There are 2 protein chains.
Amino acid sequence: MDKKSPIQITLTKRDEAVTITQWVYSTLRNAVMNGQILPGRALTIRELAAILDVSPMPVREALRQLAAENALEIQGNRRVMVPKMTAMKFSELCEARITLESHAAARALPYIDKDKRAQLIALDKDIDDAQDKGDLEQITVRNQRFHRCLYTANPHQVTLPLIESLWLQLGPFMKLANSRLKEHYTIDRHNEALEAINKKDALALQMAIASDIREGFAFAGTPELLYNFIEQSGAE
Amino acid sequence: MDKKSPIQITLTKRDEAVTITQWVYSTLRNAVMNGQILPGRALTIRELAAILDVSPMPVREALRQLAAENALEIQGNRRVMVPKMTAMKFSELCEARITLESHAAARALPYIDKDKRAQLIALDKDIDDAQDKGDLEQITVRNQRFHRCLYTANPHQVTLPLIESLWLQLGPFMKLANSRLKEHYTIDRHNEALEAINKKDALALQMAIASDIREGFAFAGTPELLYNFIEQSGAE
DNA sequence: TTTATTTATTTGTGATCACATTTACTGTTA
DNA sequence: TAACAGTAAATGTGATCACAAATAAATAAA
């Protein structure tokens with residue numbers, strides 16, 4: 001009954017207090033972020049509904065929302081799929097991240113107080129723990145948590161949704177990236193960022209964030225890995 | 001039967017080739033962009049469906065999509081509304097526009113050829129025409145068209161959706177801004193941008209775009225106008 | 001074996017319905 | 001007059017159904 005590849009989506013317990021649509025949304029979002037849905041794979045409402053054991057209605061709404069966030073792509077008039085990646089698009093997404101997140105960090109800096117700094121230090125420690133254990137999934141999750149915590153220090157911040165959209169688009173690739181992470185960069189620039197925060201040095205903070213992002217993908221910039229990924233993702 | 005203020009949405013002919021949901025989406029999007037829906041006004045699916053003379057289903061989907069683009073806000077668990085504006089949020093949106101659009105312009109620069117430059121010049125002339133006629137609505141539309149044309153010169157560009165999200169959030173305020181536009185800035189920085197394009201000077205282009213955006217809102221930065229707007233928009 | 005054409009199946013869209021929750025209204029009490 | 005409780009109306013969520021368009025499958029022709 002399955003069309004191409006069998007989709008394996010991680011299912012979590014559905015919280016009764018949350019609407020089915022919301023649960024479906026976050027489930028599918030995680031699936032995209034973890035690269036569980038191959039780029040180019042055609043998704044149908046009914047198929048996903050069957051997998052998630054819900055009616056087609058919540059799936060419909062979740063898919064439309066994910067498409068609006070650029071996590072999914074609506075082809076022509078009908079089918080929906082995870083967008084394919086290209087080397088150029090990857091590069092653009094990476095540069096967009098650097099620009100937007102540097103901006104968000106600088107704008108958050110004036111709002112960072114002692115409490116917030118303590119939170120950031122704790123989150124950075126969590127990342128180190130995950131790195132020691134080699135838990136690749138957790139490294140990504142906690143890394144995002146650190147960045148999110150930093151940017152949301154600014155109570156009037158408006159860029160986080162845009163940043164998360166970029167994370168979502170890079171998600172399927174980050175998964176691949178992480179699988180090579182252990183052998184390469186296990187150190188991040190978070191300490192550097194925290195130092196800049198202490199000194200209230202916006203420029204230094206921006207540089208630290210930019211480096212953190214760039215180095216996280218630096219090895220992906222090697223031609224052979226990029227080619228690998230594009231071949232896997234871009235080929236029909 | 002109407003709850004608070006009667007909503008007056010501009011209705012356009014529905015193209016038969018387009019789905020009802022898409023038509024509803026763009027209709028509501030324009031309504032938000034033109035400030036036809038007051039911030040804070042509670043929207044209900046059935047009310048909008050009645051106004052647009054469609055079934056609730058397409059409205060449901062369109063609302064969710066607009067919410068995902070940050071054009072609308074889902075309150076608590078239920079109602080949806082146009083988000084209220086604050087002075088700080090306005091400032092953040094403006095700065096985010098400058099950062100993102102400068103970035104998009106610089107990234108587009110290498111791809112601008114003779115054809116594209118001709119397009120930009122033509123679009124800039126259209127803006128001048130609209131300004132001569134004093135057609136405020138068209139000025140906004142054509143201004144966006146110019147910026148969009150510039151950024152999409154980059155075929156791998158990924159930031160336009162994010163930029164459009166910012167435009168949407170500023171939309172209700174731009175309408176108010178435009179009503180004062182005639183007395184203030186009728187000149188833009190587009191010529192400056194075109195010059196920078198000719199010289200392939202990325203930094204100059206970024207400066208021109210940043211100035212164009214900033215000056216477009218400069219008068220809005222005057223305390224009394226900002227206060228006016230916030231009072232109108234933020235008060236329950 | 002390959003290509004074209006017809007048939008069968010699947011799919012997205014949109015409509016309608018049921019229900020639990022929320023909101024609005026009404027009459028009553030301090 | 002203001003605050004409250006109880007009732008009535010309205011609302012979002014989710015399910016199911018109908019249908020036209022699109023895709024896949026099957027058959028026929030080269």
Side-chain angles (χ1 to χ4, degrees), chain A residues 1-7 11 13-29 37-38 40-68 71-83 236, chain B residues 1-7 11 13-29 37-38 40-68 71-83 236:
Chain A
M1 185 67 75
D2 40 304
K3 297 301 144 45
K4 291 181 169 184
S5 51
I7 300 178
L11 298 178
K13 212 75 170 188
R14 178 164 73 221
D15 182 0
E16 301 289 338
V18 143
T19 63
I20 298 180
T21 300
Q22 286 170 329
W23 177 78
V24 170
Y25 167 76
S26 54
T27 301
L28 290 180
R29 194 189 136 101
I37 304 175
L38 286 187
R41 170 70 152 83
L43 300 177
T44 67
I45 295 176
R46 286 169 171 91
E47 181 190 14
L48 291 174
I51 293 174
L52 302 179
D53 193 30
V54 296
S55 90
M57 186 61 65
V59 176
R60 235 167 109 169
E61 306 232 290
L63 286 183
R64 189 166 290 272
Q65 187 168 346
L66 286 166
L72 299 177
E73 202 178 50
I74 299 182
Q75 280 196 316
N77 228 353
R78 298 286 188 193
R79 291 281 167 57
V80 61
M81 62 174 221
V82 177
E236 176 67 8
Chain B
M1 188 67 75
D2 39 305
K3 299 301 146 47
K4 291 182 171 184
S5 52
I7 300 179
L11 298 178
K13 212 74 169 189
R14 177 163 75 221
D15 182 359
E16 300 289 337
V18 143
T19 63
I20 297 181
T21 299
Q22 286 170 330
W23 177 79
V24 171
Y25 167 75
S26 54
T27 301
L28 291 181
R29 194 190 137 102
I37 304 175
L38 287 187
R41 170 71 151 81
L43 300 177
T44 66
I45 294 175
R46 286 168 170 91
E47 181 191 14
L48 291 174
I51 293 176
L52 302 178
D53 193 31
V54 297
S55 89
M57 187 60 67
V59 176
R60 238 168 107 168
E61 306 231 291
L63 286 184
R64 189 167 291 272
Q65 187 168 347
L66 286 167
L72 298 177
E73 201 178 51
I74 299 182
Q75 282 194 316
N77 228 353
R78 299 286 188 194
R79 291 280 166 59
V80 61
M81 62 174 220
V82 177
E236 176 68 10

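So that the names make sense, note that chain A is the first sequence line, chain B the second, and so on, each numbered from 1. Owing to the predicted nature of the structure, the values given are computational and were not obtained by experimental measurement. Both backbone and side-chain heavy atoms feed into the values below; hydrogens, waters and symmetry mates do not.
Distance, B:E16 CD to C:dT13 P: 17 Å, rounded to whole Å. If you measure from atom CD1 of A:I45 to atom P of C:dG14, you get 11 Å, rounded to the nearest angstrom. Spacing between atom CG of A:L48 and atom P of C:dT11 amounts to 11 Å, rounded to whole angstrom units. Residue B:E61 contributes atom CD, which lies 7 Å from atom P of C:dT13 at whole-angstrom precision. For the pair A:R79 CZ and C:dT9 P, the computed distance is 17 Å after rounding to whole Å. When the C1' atom of C:dT23 is taken as reference, atom CD of B:E47 falls 14 Å away, rounded to whole Å. Atom pair A:L52:CG and D:dA15:C1' shows a separation of 16 Å (rounding to whole Å applied). Remark: C1' of D:dG12 and CG of B:L72 are 15 Å apart, rounded to the nearest angstrom.
In terms of heavy-atom proximity, B:K13 sits nearest to B:W23 at O-NE1, 3.8 Å. In plain terms, the two heavy atoms of B:P83 and B:A71 that are nearest each other are CD-O, 3.3 Å. The minimum heavy-atom distance between B:I45 and B:L63, with the atom names listed, is CG1-CD1, 3.9 Å. Between A:M81 and A:R41, the closest heavy-atom pair is CB-O, 3.3 Å.
Out of C:dG14, D:dG14, C:dG12, the shortest distance to the side chain of B:S55 is found at C:dG14. Here the side chain of A:M57 is nearest to one of D:dG14, D:dT23, D:dG12, namely D:dG14. Of the candidates D:dT11, C:dT13, D:dG14, the closest approach to any side-chain atom of A:I20 belongs to D:dG14. When distances run from any side-chain atom of B:T44 to the nucleotides D:dG12, D:dG14, C:dG14, the shortest one goes to D:dG12.
A donor-acceptor pair under 3.5 Å links the side-chain atoms of A:Q22 to the main chain of A:T19, judged by distance alone.
Each of A:L63 and B:P58 was matched to the nucleotide of DNA chain C holding its nearest heavy atom; the match closer to the 5' end belongs to A:L63. Taking the nucleotide of DNA chain D with the nearest heavy atom to each of A:P56 and B:R46, the more 5' of the two is matched to B:R46. Closest-nucleotide positions on DNA chain C for A:V80 and B:R60 were compared, and the one nearer the 5' end corresponds to A:V80.
Counting any heavy atom pair closer than 4.0 Å across all strands shown, A:L43 reaches sugar-phosphate atoms only and no base atom.
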- Item | Chi angles and distances behind the salt bridge (charged side-chain N to carboxylate O under 4.0 Å, His left out) call for A:R79, A:E73 | CA-CA 8 Å; A:R79 291 281 167 57; A:E73 202 178 50; over 6 Å; no

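Regarding contacts with the backbone of C:dT13, every side-chain N or O of B:T19 stays at 4.0 angstrom or more from both OP1 and OP2.
Axis deviation across the helix from C:dT1-D:dA30 to C:dA30-D:dT1 amounts to 20°, comparing end segments of five pairs, rounded to 10 degrees.
Here the CD1-CG distance, from B:I37 to B:L72, works out to 7.0 Å after rounding to the nearest 0.5 Å.
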